[in-house]
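Notes to accompany the following structure.
This structure is a prediction, so every number in the text was calculated from the model and none was measured.
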Amino acid sequence: MSAVNASLPAIQASATQLQLEPHSDVAKKNAVFYRQQHGVTRKDFIPREDVQPLIESMDLEHSFMHVLDELSGHLEQFGEERQGGEEGQDDAELLDNDFLANPPANMPQTEEWEWQEWNKPEIVRFTTDPDRLLADNVLSQDQCDKLLELAKDVQPLIESMDLEHSFMHVLDELSGHLEQFGEERQGGEEGQDDAELLDNDFLAYPPANMPQTEEWEWQEWNKPEIVRFTTDPDRMLADNVLSQDQCDKLLELAKYCKEGDGYQRKAPHTYNELFEELNILDAAKKSQEGEVVPELSQLYINASRRSRDAIAKEFNLQTPLYFSYTHLVCRTAKHVVERRDLSHHVHSDNCILNEATGDCDKVPPAYTWRDYSAIMYLNDEFEGGDFFYAHSTKDLSPEETVSPKCGRLVAFSAGKENMHGVLAVTKGRRCAVALWFTLDPNHKEATFSMAEEILHEIKTVS
Ligand SMILES: O=C(O)CCC(=O)C(=O)O
Ligand SMILES: [Fe+2]
């Protein structure tokens, strides 16, 4: 069985390749080779789960091309209308006004002919504000309607382009695996009939509870000690998720945190603490710009993946768990004062609490798609700052507290069953990686894949 485990990434890479290119001879040959390996069962030969949303995105990609086609259709249509414009009128005359020409330094960047048949805008200049301008009639109602139509179609497609990037990254990775095992393939049995070997439901096994991270990536990591609460099946705690050395490195990265909460708010929870954060993509970009050693950003990514895998496994999830937002957060005590407030008020991560009624509504602006939350702690050199679960939506007092320390992971389902908060940090700086996850591929964090891609590029180049 160990031989099978050792090449599991390659087997899955091959299954994915076959899924993507079912008619390719190379894909079939690879599949046959792995199928023949001693100990390889159908259960092993399953396409990579993380690629599935990307494959779906390829369909969107096609629609994107379709919309572009349609767009040029619209332009052609306008073209015909242009042909039918008032005859005999002199273009030059039409253009010989100060609509386009004044001031000449301020040349319109669009070809002039594109505007000929359009409405003439009514331009209002404000003599009191020479640097302000207002124009009406720039688009006709029909043109507005068409652009609105287009905007509606294009939005999901633009989102899909993020997926597209990750897709290229995964393809790179797949070919890496296949090359790595290429030599083994040379030794495969010859002369066997590919069709015969593939003519079964070899690909059809459900990927239930698959760890989403390649096993080989974890070989060097500590084994976490996991504590499950039988009374609270939707809560878990794990120690030893990070080693002291890994915490120290992430604390090094935390020096690059910037004031704010990642949502453009400066003092989001209390004016008695400084709240700073660094999200996963900004960390990767800093490595790309040479400001942060890539090892630190890669560790940030790997540690986040490791928490995700531990949660998926412990909560026995049957479908993939996707990152929804990931950031490194530090809370620093500002003043030595008697504190009555909390570092983070009691809240749920996916609904909005109405303290008067005790209802927690899963409606915007709540992050309604968040299904699981986790906090991976990095240090304990501070005072206060315990995490706590509140009794309920009606009784917000602490029911159970957890003291942060390096390598401790707290995770829970993100709904109203887990109201939680943070006690005031009264001295020092408390740092942690906070992670939110979703089961909905549509809310997968595109920035996480982008960060992975950046790190992959850095490694490939160096
Ligand atoms: O840092 C912690 O212990 C919890 C933070 C939290 O609940 C949040 O950011 O939503
Ligand atoms: Fe929270």
Derivation of the side-chain contact (heavy atoms from CB on, under 4.5 Å) call for H420 and F412: CA-CA 10 Å; H420 60 280; F412 47 90; 3.4 Å; yes

Nearest non-hydrogen partners of A312 and L321, listed with the distance: N-CD2, 4.3 Å

Nearest non-hydrogen partners of C247 and L378, listed with the distance: CB-O, 3.5 Å

Rounded to the nearest 0.5 Å, how far does [atom2] of [Y] lie from [atom1] of [X]?
| X | Y | atom1 | atom2 | result |
| --- | --- | --- | --- | --- |
| E453 | T447 | CD | OG1 | 12.0 Å |
| L299 | S297 | CG | OG | 9.0 Å |
| H456 | M450 | NE2 | CE | 15.5 Å |

Please check this pair: side chain of [X] against backbone of [Y], looking for a donor-acceptor N/O pair closer than 3.5 Å.
| X | Y | answer |
| --- | --- | --- |
| Y256 | E291 | yes |
| R408 | S403 | yes |
| N350 | Y367 | no |
| Q318 | N316 | yes |
| D371 | L439 | yes |
| S287 | V292 | yes |
| E314 | I311 | no |
| D440 | N442 | yes |
| H347 | H345 | yes |
| D234 | S413 | no |

Criterion side-chain contact (heavy atoms from CB on, under 4.5 Å) against V402, the qualifying member of V410, I375, D386: V410

Positive for side-chain contact (heavy atoms from CB on, under 4.5 Å) with K334, one of N272, V425, L274: L274

Near-ring test F323/F437, centroid separation under 6.0 angstrom: yes

Check: Y372 ring centre within less than 6.0 Å of F315 ring centre: yes

CA sep, side-chain torsions, deciding dist, call: H269, F275, ring pair (Phe, Tyr, Trp, His ring centres under 6.0 Å): CA-CA 8 Å; H269 308 304; F275 195 94; 4.9 Å; yes

Counting C-beta onward and ignoring hydrogens, is there a side-chain heavy-atom pair between [X] and [Y] closer than 4.5 Å?
| X | Y | value |
| --- | --- | --- |
| E295 | Q298 | no |
| S307 | L435 | yes |
| L242 | M376 | yes |
| D239 | K405 | yes |
| E445 | T326 | yes |
| P294 | L455 | yes |
| W436 | R370 | yes |
| T426 | R339 | yes |

Short side-chain donor-acceptor distance under 3.5 Å, D341 and T270: yes

Candidate list Y322, W369, F448, Y325, test ring-ring contact (aromatic ring centres under 6.0 Å, His included), partner H443, passing option: W369

If you measure from the Lys or Arg side-chain nitrogens to the Asp or Glu carboxylate oxygens, is any gap between [X] and [Y] under 4.0 Å?
| X | Y | answer |
| --- | --- | --- |
| E273 | R430 | no |
| D245 | K249 | yes |
| R235 | E399 | yes |

Flag if over 12 foreign heavy atoms under 6.0 Å of NZ, K416: no

Cystine candidate C257-C330, SG separation under 2.5 Å: no

Partner of E276 by salt bridge (Lys or Arg N to Asp or Glu O under 4.0 Å), out of R331, R429, K258: R429

